[in-house]
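Structure first, then comments.
Everything quoted here is computed from the prediction, not taken from an experiment.
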Amino acid sequence: MSLLRDEALAICSLEYLPMELYPPLFMAAFSLRRSETLMAMVQAWPFGRLPLGGLMKRPHQETLEAVLDGLDVLLAQEVHSRKSKLRVLDLRNTGQDFWNMWSGDKYHESSSSLMALMAKDMSGTKHPLAPLEVYVDLCLKEKTWGKFITYLFRWVEQRKGSIHLCCKKMKIISRSKETIKKVFRIVKLDCIQEVELNFTQKLSTLAKFASLLGKMSNVQRLLLSPIHGSAVEEQDQQALLRFTSQILRLQHLRYLRMEGPSFLEGHLNQMLRCLKIPLYNISITNCQLTESDLTHLSQCPEICQLRGLNLSGVTLTNFHPKLIQGLLEKVADTVEELNLNVCGIMDSLLTALLPALSCCSQLRVLSMCGNLISMAVLESLLRHTHGLSALRLEFYPAPRESYSSLGCLDQMLRCLRTPLDHLAITKCWLTESDLTHLSQCPDLLQLKGLDLSGVTMINFSTEILHVLPKQVAATLQELNLEQCGITESQLESILPVLSCCSQLRSFSL
C-alpha cells in the first residue's frame, strides 16, 4: 500500500519485484483503482494465468480497460518481457484460491503446493507467440449487453488473430438472431463445454440452430428448455432429424437435460442412437413418453455408467412395471440420484419396483415427491433400502395415514375475520370436503392469488375441481396448480371456468 502511494515508483519497481509479491500488489492496485499500475503489471505478470474475474464482484469497465490496454502493449512487443508469462486472462468468477493463497490467507499451504501451482502457472511459456486466451462465461439475454461485455467483444473482434475468446459455459436466452450470430463469430465454438438453449419453443427453430451446436465439438453438458412439436408432421420429422444428426458430432457429451421435450414422444430412440459415449446424467422431464421410448432407454448401451436419472413429470401410471424394473436394473451398479417426482406412481407400481431399487447399491438420493404412496408401502420401501446407508429420501406429500387432522381445513377457515388476498396451501393432502369448505368460505371472495401446488388431486371429482375457480373468478390473478397430478379429463372440466377468470395473469401447471 505504501508503494502504491507513488504510482510511478511502483511501476519502476516491478522489474525487481519477487514474483510472490505480484498477486498481493495486484490486489491492492485493483482495490485502489490504480489503472497505470494494473496496466504495467499485466505486461510483466509472472504467471501463465491472470484470474481477474475472482476479484470482481461485479464487472468494472475501467479496470477491464486498464488490463486490456496492458495486453495490447504485450501483444505489440516483438520480444516479450523476460518476466512476463501471461497467456490466459480469466474473467470468470473463479480464481479465489489463487488470490487467497498468495495473499497469505492460506498460510498453511505447504511449500511443495506453492511450487506446484507456480509450475502450473508458468507452463504457458513454451509458446510465447500463440494467441492469448480470454475466458468468460456468457448469458445471452433479450436485452442488450452491459458496457463491460460490449467493450470486451469489440476489443476481441479487433484483435481476432491474436486473441481467442473462450467460453466454457454459455446460456442462450435471447431470440435475436443477430446477437447469436455475432457471438458465434467471435467465440471459439470448440471451447464450449456446457450450453443451455433457452431461446426457442419450436422444433423448427432448434433445427436451425443445430449446425452451430454441431461445431461445439467439446460440449459435455447440453440443456434444452421446453420445445413444442410432436414430430408427426413431415416437416417436424425433418427438423428432428437435423437436430439429432448434430448430436452425433458431440463426442464428449456426458450430461443431457431436456425439459418438456414433447417432440421426443415415440422418437426417443432417434436421440439415443446418436450418443457416442456413456452418459453420466440424463434428465427427461415434464413430457409424455411411450412404452417403446422406455424400452429403448433401458436398452441403450450409453446409460451403463449412469449416475443421475431424472424422469420427473413423466407419467408412468399405465406402464408395465417390468419396463421400469428393466431400466433400474440396467443402471443399478452406478446410479446415485434417482428422481421420479410427479410420475403418477401408486402403491402397486412402487411395490413392484422395490426389489430393483434395493439393488441400486450406490443410490444417495431418491426423490418421489408428488406421488400417491401409502404408509405401508413407504415402510416397505424403507425396509428394502435400509442397507443403503448414504440414501436420502425426498418425499411429499406424506402418506394420508400420517395426517391426524385430515379433513379439518374448515376449522382454520372459520377463524378468518377479513377477506384474504392470497392463499397458499402446498405439498400436503386435502380431502374433497376440504376443497368444498374452501370454495364456500366467504373470506375468499376477493382472492387474487391461490397456490395449491403439491396438493394431489388425481382422485378428486371433476365437479369439485371447478367449484373453487368459479367462486373466485372475478378477482383471481394468479393460480398455481403445479405437481397436483391433474389429468386431462380434470383439466378439460375446468376450462370453461378458467375462461371466466377475467383478471387471470398467471396460470401454472
Side-chain angles (χ1 to χ4, degrees), residues 226 259-262 265 283-291 293-294 309-321 323-324 338-353 366-378 381 393-403 406-407 409 423-439 450-470 476 478-498 506-509:
E259 182 184 347
S262 56
E265 183 178 1
S283 176
I284 304 172
T285 63
N286 301 321
C287 66
Q288 296 289 334
L289 293 181
T290 64
E291 290 199 348
D293 289 326
L294 218 60
L309 174 62
N310 185 358
L311 295 176
S312 62
V314 176
T315 304
L316 305 176
T317 310
N318 297 321
F319 285 7
H320 197 287
L323 283 176
I324 310 168
L338 179 60
N339 189 327
L340 299 175
N341 290 339
V342 202
C343 289
I345 295 175
M346 294 194 243
D347 283 355
S348 57
L349 178 55
L350 183 55
T351 300
L353 299 180
L366 173 59
S367 187
M368 298 192 65
C369 304
N371 296 295
L372 286 170
I373 306 299
S374 69
M375 183 68 81
V377 174
L378 178 58
L381 170 63
L393 179 63
E394 298 176 357
F395 195 95
Y396 75 78
R400 183 183 292 265
E401 300 93 322
S402 67
Y403 284 81
L406 194 65
L409 181 61
L423 176 64
I425 304 174
T426 64
K427 300 178 182 179
C428 66
W429 288 92
L430 292 180
T431 65
E432 288 197 351
S433 68
D434 288 326
L435 219 60
T436 300
H437 287 300
L438 201 58
S439 63
L450 176 62
D451 183 357
L452 296 177
S453 58
V455 175
T456 304
M457 301 182 180
I458 194 168
N459 292 323
F460 283 10
S461 68
T462 55
E463 291 78 10
I464 289 292
L465 286 178
H466 66 65
V467 171
L468 181 57
K470 186 176 181 179
L476 192 65
E478 298 182 11
L479 177 60
N480 188 333
L481 298 178
E482 290 181 3
Q483 301 182 1
C484 291
I486 291 177
T487 63
E488 285 187 358
S489 59
Q490 289 175 321
L491 180 58
E492 285 177 351
S493 75
I494 64 173
L495 289 180
V497 180
L498 286 175
S506 173
F507 178 38
S508 186
L509 274 170

Ser312 backbone acceptor or donor facing Asn341 side chain under 3.5 Å: no

Can you name the closest pair of heavy atoms from Met375 and Pro399 and give their distance? N-CB, 3.4 Å

Whether the Thr487 and Ser489 side chains hold a donor-acceptor pair (N or O, under 3.5 Å, no angle test) is what I'd like checked. yes

Sub-4.5 Å side-chain heavy-atom contact between Val314 and Leu294: no

Check the pair Thr285 / Asn310 against side-chain hydrogen bond (donor to acceptor under 3.5 Å, both in side chains), numbers first and verdict last. CA-CA 7 Å; Thr285 63; Asn310 185 358; 5.6 Å; no

Under a 3.5 Å distance rule, please check whether Asp451 uses its side chain to pair with a backbone N or O of Ser453 as donor and acceptor. yes

Side-chain donor/acceptor of Thr317 to backbone N/O of Gly344, under 3.5 Å: yes

Run Ile284 and Asp293 through side chain to side chain contact (heavy atoms under 4.5 Å, CB included) and show every step you take. CA-CA 11 Å; Ile284 304 172; Asp293 289 326; over 6 Å; no

So do Thr426 and Asn480 actually touch side chain to side chain, heavy atoms under 4.5 Å? no

Give the C-alpha distance, both sets of side-chain angles, the deciding distance and a yes or no for side chain to side chain contact (heavy atoms under 4.5 Å, CB included) between Ile373 and Leu381. CA-CA 10 Å; Ile373 306 299; Leu381 170 63; over 6 Å; no

Side chains of Glu478 and Ser506 only: does a donor on one sit below 3.5 Å from an acceptor on the other? no

Under 3.5 Å: donor-acceptor pair, side chain of Gln483, backbone of Cys369: no

Hey, are the side chains of Leu491 and Leu509 touching, using non-hydrogen atoms and a 4.5 Å cut-off? yes

Do Trp429 and Leu372 touch side chain to side chain, with heavy atoms closer than 4.5 Å? yes

Is it true that a side-chain atom of Glu291 and a backbone atom of Leu323 form a donor plus acceptor pair closer than 3.5 Å? no

Within the distance-only criterion (no hydrogens, no angle test), does the side chain of Asn371 pair as donor or acceptor with the backbone N or O of Leu340 below 3.5 angstrom? yes

If we ignore angles and hydrogens, is there a donor and acceptor under 3.5 Å between the side chains of Ser433 and Thr431? yes

Identify each donor-acceptor pair in which a side-chain atom of residues 463-470 lies under 3.5 Å from a protein atom, sequence neighbours left out, and give them as a table.
none

